[in-house]
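For reference, the structure is listed below as structure tokens.
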Amino acid sequence: MAAVSGSARRAALRITALSFATLALLQGERSTAKKLRRIATMRGAKFSRALSFFLAHHHTPLFARLVERSTRAQLLPGSELARIRSSALSQIGPETSSINVEVARVLSTKQLKPSTSTVWPYRPVAGGRRFIVARSAKNPYYGMMYSKLHHVGFNVQYVATFTEILEALTQSQNSGESPHIHIDHWLSHDQAVLLVERMQPDSTLSVTAHDLEHSGGQEKTHTGMGVYLQRAAAIHLLTRSSLERLGISASTVEARVFHVPHPAYLGEHAGAYALPRDRTLARAELGRQADEFAVGIVGRVSDRKNVELLLDAAAHLLTGPHGAARPPHFYISGALTTKFAEKIIRRAHSLRNVTLIAEDLDDATVGLHVSALDVGVVPYHGYLNSGWILLALSAGLPVIASRESTASEVVPREALIDFSEGDARSLARAIAESTHQNQDVARAAALARAREVHPEVMALRFAQEIAARVPVK
């Protein structure tokens, strides 16, 4: 059923509503029949909202079950079909299991999007050059990495969206300025072309390669990355192997490229994580056992984080002889912003060694959950860079990550255990091995690495590298 399109599911739901309206009419429930017929005539979001409302306010178990069957699919929480499914599960949930209630709660949650109302005041300094960059209010990275740009002559203007980048570019150029634009993620080809076309010759561009670009097999010149690489005066790498992993020839970028690692989440610019924290106190505050061996992942769970692999590893550790001195407990803490949300919830609830906290956590709570772990696990699909790794190191956690990833460039050897990417049994063995690791040595190495990439140091280095490639005045 997962391959059925959304429009086909809506058509099926309309037929279901009309069929149930006929049944209600035969049973003398004219009001119910009238409401369902009216809902069936609606289209788009109006149909979805009306059907969800009906399910939430009318006790119709049979209809709810029919709707539930019609919406069995991979649904992104907060989407129209997910909210319909949530309403159906809420009605039948108490009759079957608490898992349905939890799935319903998560599916009804609106997706977390960058705020369009966040305003960072722009305060230009005489003689400085405007540096325009989009910033997320949910991630301290931006405030950490860009905190020293004013020391080299830039005036930073933070915006929230790509549209606001275009607006700031137009406003500054119309005022006679030659602004600098910094892009932190690969955009579509059309967006990249739009931005570059609006830039005047004296305006400049730089890019940070945060992640792999998924271009669907297109030639590099026909992707957003290709457009940016042709125009960018500076290209920032968070890991040294980024060019190779992106398929970019070093000879084509020459002196424009520089490497400054992702900063640790330490110091005044690192939000409210308050790392490192005492593990025993963190567990006591969360009501967890003081002597358990805890592994896991903290932060929003997107498709790329591949927590399904972590759950498979947890299942292997329940059934296979992996030599763990103490059976580890798995924690997955963070909002589920993935189309696999329902699958993750149901699988997690079936495993007694897994605790899933599917909630959007503020920074202070994230810091608490990270600090309560013994080991941070990175089960991700292919990636260039992981902020989660730096968060783990900042808490003094050793890390388990795939040997095919960039983790070995970031995590010290004493604090890293690797596994074969995508192999749940290999991951299970690595987790079992971590229970025998010298925790004192591993934690000391993790913290030492975090201090090496302290935001104060990385921000100044980033500012100097940009200034060396981009004229400030």
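Taking the six-membered ring for Trp and thresholds of 30 and 60 degrees, Tyr273 and Tyr265 have ring planes more than 60 degrees apart, a perpendicular arrangement. The aromatic rings of Phe131 and Phe462 sit perpendicular to each other, their planes meeting at more than 60°, with 30° as the lower class boundary. In this pair, Tyr146 and His182 present their aromatic rings perpendicular. The plane angle is above 60°, beyond the 30 to 60° band.
In this structure, CG on Leu195 lies 10.0 Å from CD on Glu197, to the nearest 0.5 angstrom. If you take CZ on Arg403 and CG on Asp418, they are separated by 4.0 Å, rounding to the nearest 0.5 Å. The CD atom of Gln437 sits 10.0 Å away from the CG atom of Asp374 when rounded to the nearest 0.5 Å. Of the inter-residue distances, the one linking Glu244 atom CD with Leu384 atom CG reads 11.0 Å to the nearest 0.5 angstrom. Taking OG of Ser405 as the start and CG of Asn385 as the end, the distance is 11.0 Å to the nearest 0.5 Å. Atoms NE2 and CG, from His369 and Leu286 in turn, are 5.0 Å apart once rounded to the nearest 0.5 Å.
Side-chain atoms of Val260 and Phe258, non-hydrogen and from C-beta on, do get closer than 4.5 Å to each other. Residues Asp303 and Thr338 have side chains in contact (heavy-atom distance under 4.5 Å, counting atoms from C-beta outward). For the pair Ile84 and Ser52, the minimum side-chain heavy-atom distance is below 4.5 Å. When side chains are defined from C-beta on, His262 does not count as touching Val453, because their heavy atoms never get closer than 4.5 Å. Between Arg10 and Ser48, the closest side-chain pair of non-hydrogen atoms falls below 4.5 Å. Between Pro455 and Leu266, the closest side-chain pair of non-hydrogen atoms falls below 4.5 Å. No side-chain heavy atom of Val227 sits under 4.5 Å from any side-chain heavy atom of Arg231. The shortest distance between side-chain heavy atoms of Val410 and Leu393 falls below 4.5 Å.
Between the side chain of Glu404 and the main chain of Glu421, a donor-acceptor pair closer than 3.5 Å is present. Using a distance-only test at 3.5 Å, with no hydrogens or angles considered, no donor-acceptor pair links the side chain of Arg245 to the main chain of Gly382. Of the possible polar contacts, one joining the Arg469 side chain to the Ala255 backbone as a donor-acceptor pair under 3.5 Å is found. Side chain of Thr109 to backbone of Arg105: a donor-acceptor contact under 3.5 angstrom is found. Between the Gln173 side chain and the Gln200 main chain, a donor and an acceptor come within less than 3.5 Å of each other. The backbone N or O of Met144 sits less than 3.5 Å from a side-chain atom of Ser147, completing a donor-acceptor pair. Remark: side-chain polar atoms of Thr239 are not paired, donor with acceptor, to backbone N or O of Ser241 under 3.5 angstrom. Counting only distance, with no hydrogens or angles, the side chain of Thr208 and the backbone of His210 share no donor-acceptor pair below 3.5 Å. Distance alone, capped at 3.5 Å, places no donor-acceptor pair between the Arg425 side chain and the Ala313 backbone. Under the 3.5 Å distance criterion, the side-chain polar atoms of Ser86 are matched with a main-chain donor or acceptor of Ala104.
The ring-ring contact (aromatic ring centres under 6.0 Å, His included) search around Phe419 returns none, not counting sequence neighbours. Taking the side chain to side chain contact (heavy atoms under 4.5 Å, CB included) definition, one finds that Ser7 meets it with Ser5, sequence neighbours left out. Partners of Arg347 by salt bridge (Lys or Arg N to Asp or Glu O under 4.0 Å), not counting sequence neighbours, listed by chain and number: Asp312.
Judged by the 6.0 Å distance and 45° axis criteria, Arg135 is not positioned over the aromatic ring of Tyr142.
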Checking Arg129 against Val470 for the side-chain contact (heavy atoms from CB on, under 4.5 Å) test, could you report, in this order, the C-alpha distance in whole Å, the side-chain angles of both residues, the deciding distance, and whether it holds?
CA-CA 10 Å; Arg129 186 179 183 190; Val470 177; 3.3 Å; yes

Give the intermediate values and the outcome of side-chain contact (heavy atoms from CB on, under 4.5 Å) for residues Val106 and Glu102.
CA-CA 6 Å; Val106 172; Glu102 175 65 3; 3.9 Å; yes

Verdict with supporting geometry, Ser172 and Ser175, side-chain hydrogen bond (donor to acceptor under 3.5 Å, both in side chains)
CA-CA 5 Å; Ser172 58; Ser175 300; over 6 Å; no

Does the side-chain contact (heavy atoms from CB on, under 4.5 Å) test come out yes or no for Asp211 and His185, once each step is laid out?
CA-CA 7 Å; Asp211 205 356; His185 53 284; over 6 Å; no

Checking His329 against Phe293 for the ring pair (Phe, Tyr, Trp, His ring centres under 6.0 Å) test, could you report, in this order, the C-alpha distance in whole Å, the side-chain angles of both residues, the deciding distance, and whether it holds?
CA-CA 6 Å; His329 194 84; Phe293 192 86; over 10 Å; no

With side-chain contact (heavy atoms from CB on, under 4.5 Å) as the criterion, how do Met145 and Leu238 come out once you've worked through the C-alpha distance, each side chain's angles and the decisive distance to 0.1 Å?
CA-CA 11 Å; Met145 189 63 95; Leu238 290 158; 4.1 Å; yes

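Checked for salt-bridge contact, Arg461 and Glu465 miss the test: no charged N lies under 4.0 Å from a carboxylate O.
Residues Ala232 and Val207 approach most closely at CB-CG2, 4.1 Å, considering heavy atoms. Of all heavy-atom pairs between Lys148 and Ala459, the closest is CG-CB, 3.4 Å. Pairing each heavy atom of Glu409 with each of Arg449, the nearest pair is O-NH2, 3.9 Å. Minimum interatomic distance between Pro140 and Lys138 (heavy atoms only, all atoms of both residues): CD-O, 3.9 Å. Taking both residues in full, the closest heavy atoms of Ala209 and Leu237 are given as CB-CD2, 4.2 Å, listed atom of the first, atom of the second, then distance. Across His316 and Ala428, no two heavy atoms sit closer than the pair CB-CB, 3.9 Å.
Counting non-hydrogen atoms of other residues, nucleotides and ligands closer than 6.0 Å to CZ of Arg240 gives a total of 12 or fewer. For Arg43, the CZ atom is densely surrounded, since the number of other residues' heavy atoms within 6.0 Å is greater than 12.
Side-chain N/O atoms of Gln171 and Tyr122 include no donor and acceptor closer than 3.5 Å. Side-chain contact, Thr163 with Thr161: no donor N or O sits under 3.5 Å from an acceptor N or O.
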